[in-house]
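Working notes, structure below.
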Amino acid sequence: MSQTGHIVDRQEVAQVLERIAAFQELRGENAYRVRAFRTAARAVSSLPRPIQDALADGTLAETRGVGPATVQIIQEIVGTGHSSLLEDLREQVPPGLVEMLAIGGLGVTKIRQIHESLGVDTLPELEAAARDGRLAQLPRFGKRTAENVIRGIASLRQATEFRLHHHAREEAVRLVVALERLPGVLHAHIAGDVRRAMELVRDVVVVVEADCAPQEIFQRLADLPGVHEFAGQDERVVMLRFVGGASARVVVTTRVNAGAVLVQATGSAEHLRRLGEHAATSGHTLRAAALWRGNSFTATPDEGALYGALGLPWIPPELREGMGEVEAAAAGALPALVGPEDIRGVLHCHTVDSDGTNTVVELADAVAAAGFAYLGITDHSESAAYAGGLDPAIIAQQAAEIDGYNRRQSGFRALKGIEADILADGSLDYDAETLASLDFVIASVHSRFHMTEEEMTARVLKTMDNPYVAIIGHPTGRLLLARKAFPLDMDAIMEKAAAVGVALEINADPHRLDLDWRLLRRAKERGVKISIGADAHSIAGIANMEIGVGLARKGWLGPADILNTLPVDEFVRFACHRRPR
DNA sequence: GCCGTTTTCGGCCCGACTGTTTTCAGTCG
C-alpha cells in the first residue's frame, strides 16, 4: 500500500480495512466482526482531516466505529506502510477469492463452495468454469448463475479500466503537487477527463509547462517515488504506472504553446474534431504541440489565446464534449454556467439518526463554516430499515433538535427534511401529517429495482402526485461501475416534473452522479428545476457539492436552473407550494 | 470488532428477491 517516502492517506487506510473485512469474511469469521471492519473503513474514509493528525491528537480513537483494534492497525499502516494482519490473511485465503466478492450474486458461501468443489481460486479460472459448464453443475447453481458470473467478470474488467471521478481527481492533484516540485517545471495542470468533470475517468492526464527539454523532465519522473512503470509515447508524452495500479499520462510543453497543448489534452475527441474544422475556416491547423497557420506557429501561452486566435471565447472545460459548444461559442451563445459560489444550500444530508456518521449539530456547523446559508437534513425513512430509517417519534425528536439549533443561529438555517422511500406502488411511507411537519421532502427509489419501464415510470409519476414531494432523489438509481440505472421513461418524468413543479436531483455522491449530465439539457429545455444533492453521510460528504456543480455545468445549466441557488425562504416556498393550505 | 450500558458482556438489519428448487438458501440493499 505504501512505501518509503509516500505518505499514506485515509483512502488507502480505508482500502486496507476493507480488504481485511473481505478476507475475514471468506475465512468464515464472525459476521459482526467483519461488519465492524467495514464500519471502521467507512469512518476512516470520511475523516475530515489527515489520518496522521487524527491519530496523533486522539480524535481517531474517539471516532464512532473506530475502536482500539482498528487504531492499532492504523498505527502500523501509517508507521510502516503495511498491515501484518492483512499479510497474514493474504497467506490464508487466495486473493482471487476476494476479487470474486465483487461479482454480483456471489457471496461468501458460494465462493467457498466454488473454491472447495472446483479448486478454482482466480478470476480467469472462474470464467473458464462458468463457460465450460462446470459451475452450473454445482448444487444450487445453474445456467443463470453461470451467465451472471460471466457478465460480472466482464463488468469487473470495465471497473478496473475506469475510475470514479473523485478517486481520479485525488490522484491527479497528488501528481500535480509532486510534478510542481520537480526542477524545470513551471506549472502542472490537470487535463483530460478529470478536468472535463467526467463521472468516469480512464486516464489521468497532466500537462507540464517546462523550461527545459522534455527528456530531462522524463528522467526525473522515472525517479519519482511510487512510479512502477514508465513508457514513453512520443517525445513529449509519457505514461506512468504507479505501484497501486493507478496510471497517468504526462504531457510536456513549452510555455509559449501551453494553451494549444492544454486544450488538446483536455477536450474530447469530438470537441477537438469540431475545433479543428472551425480552425480550418481561418486557415489554422491545430497540431499536437502547437497552433499553426501555414508555416508559422501562433503563440498560445494560455487557452484564452488559443480560442481567441480562432475567433472564439474561452470554452469552459466541462462543455468540451463536441455537443454544440464550438458552434455556440462561434455564435456568441455559450451559456452562463452555474458555479460553486452560486450554491446557497447543501441538500440531502444524512446524520447519525439514520446511516450518517455526524450529528445534526456537527453537520450544520460544518456546512455553515463552509460558507453556505442553509442545510437540508434528510435522513432515511422508516421502511429503509437497513439504513436505520426514522420512525415518526425520532422525526419529532430531530425536529426539536433542529429548532433548538436554529434558535442559536443568525444568518444560517438547518432545514427539516426527509429522504422518503418510494414504495412499490409509488406511495410514501409516512402519512400527510408527518410530511407536513417537514420543511421539504425528497422521495427516492431504494428497493424493487426490477420493474418494467412502464411499471417504474408509473411508480415515480405517482409519487410526484403527492403534494409534499419537492424533489425526486437520484432519479435513475444507478451506481457507477456497479449497478445500471433502472428503466425509466425520462421524458415522461421530466414532463411531469416541469408541469407540477417537482425538482429532479443531481445526486452528487460520486458513486451515483444521477441524473446523468447527458440528460440535463433536455431537462432544462423543458423547464425542470434541478436540485443538487450532496447525499452526504458525513462532514466529508459536503465536498460532493462541487462534483455536483461540475455535472450541472456539463449539462449547460445556469444558476437559475438550480433549485438550491435560491435563498432559503424561496427554497422552502418551492418545496411547499403544492401543499394543501 | 464496536458499542453501551441495565458498565465488562450481549447485541449488532431485516425483508424481499433471485435462482434454484419443488420449499428455500443465499444475496442484496
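In what follows, chains carry the letters A, B, and so on, assigned in the order in which the sequence lines appear, proteins first and then strands, with residues in each chain numbered from 1. Nothing here was measured: the structure is a model prediction, and the numbers come from that model.
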side-chain contact (heavy atoms from CB on, under 4.5 Å) between A:Lys554 and A:Arg518, worked out: CA-CA 8 Å; A:Lys554 274 194 99 51; A:Arg518 295 160 189 85; over 6 Å; no
Pair A:Tyr430, A:Tyr468 - check side-chain contact (heavy atoms from CB on, under 4.5 Å), show working. CA-CA 11 Å; A:Tyr430 293 122; A:Tyr468 294 95; over 6 Å; no
Nucleotide N/O to protein N/O under 3.5 Å, stretch nucleotides 1-5 of chain B:
unit_1, atom_1, unit_2, atom_2, d
B:dG1, OP1, A:Arg33, NE, 3.3
B:dG1, OP1, A:Arg33, NH2, 2.5
B:dG1, O5', A:Arg33, NE, 2.9
B:dC2, OP1, A:Gly67, N, 2.7
B:dC2, OP1, A:Gly67, O, 3.2
B:dC2, OP1, A:Thr70, N, 3.3
B:dC2, OP1, A:Thr70, OG1, 2.5
B:dC2, OP2, A:Ala69, N, 3.3
B:dC3, OP1, A:Gly65, N, 2.5
B:dG4, OP1, A:Arg64, NH1, 2.8

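If you take atom C1' in B:dG26 and the same atom in B:dT21, they sit 13 Å apart, rounded to whole Å. To the nearest whole angstrom, the two C1' atoms, one in B:dG1 and one in B:dC17, are 30 Å apart. Using C1' as the reference atom, B:dT5 and B:dC12 are 14 Å apart when rounded to the nearest Å. B:dA25 sits 27 Å from B:dG10 when the C1' atoms are compared, rounded to a whole Å. For the P atom pair drawn from B:dT20 and B:dC28, the interatomic distance equals 14 Å after rounding to whole Å. On the P atoms, B:dC14 is 25 Å away from B:dC9, given to the nearest whole Å. For the C1' atom pair drawn from B:dC2 and B:dC13, the interatomic distance equals 16 Å after rounding to whole Å.
In this structure A:Glu76 satisfies the side-chain hydrogen bond (donor to acceptor under 3.5 Å, both in side chains) test together with A:Ser84, sequence neighbours excluded. The side-chain hydrogen bond (donor to acceptor under 3.5 Å, both in side chains) test applied to A:Thr378 returns no partner, not counting sequence neighbours. The side-chain hydrogen bond (donor to acceptor under 3.5 Å, both in side chains) search around A:Gln92 returns A:Arg27, not counting sequence neighbours.
In this structure, A:Asp391 places its CG atom 15 Å from P of B:dC13, rounding to the nearest Å. Summarising the geometry, the separation between CG on A:Asp421 and P on B:dG29 is reported as 14 Å, rounded to the nearest angstrom. Separating the CG atom of A:Leu479 from the P atom of B:dC28 is a distance of 13 Å, rounded to the nearest angstrom. Taking atom CD on A:Glu382 and atom P on B:dC13, their separation rounds to 16 Å, with Å as the unit. Rounding to whole angstrom units, CZ of residue A:Arg38 and P of B:dG29 are separated by 12 Å. Going from atom CD of A:Glu419 over to atom C1' of B:dG29 covers 13 Å, rounded to whole Å. Taking atom CG of A:Asp425 as the reference point, atom C1' of B:dA16 lies 15 Å away to the nearest angstrom.
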Where along nucleotides 19-27 of chain B does protein come under 4.0 Å, by heavy atom, of base (B) or sugar-phosphate alone (S), with - for untouched nucleotides? BS---BSSS
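Side-chain atoms of A:Arg64 never come within 3.5 Å of backbone atoms of A:Ala43 as a donor-acceptor pair (strictly under, hydrogens ignored).
Across all strands shown, B:dT8 has no partner, as no Watson-Crick or G-U wobble contact with both distances under 3.5 Å is found.
Applying side-chain contact (heavy atoms from CB on, under 4.5 Å) to A:His380 and the options A:Leu390, A:Asp353, A:Asp355 leaves one that passes, A:Asp355.
Salt-bridge formation is detected for the pair A:Arg196/A:Asp193: a Lys NZ or Arg NE/NH1/NH2 atom is positioned less than 4.0 Å from an Asp or Glu carboxylate oxygen. The existence of a salt bridge linking A:Arg131 and A:Glu127 is confirmed by a sub-4.0 Å separation between a basic side-chain nitrogen and an acidic carboxylate oxygen.
Applying the salt bridge (charged side-chain N to carboxylate O under 4.0 Å, His left out) test to every pair with at least one member in residues 436-461 of chain A, sequence neighbours left out, gives these pairs: A:Arg413-A:Asp439.
Within the 4.0 angstrom heavy-atom criterion, no nucleotide atom of any strand lies near A:Arg112.
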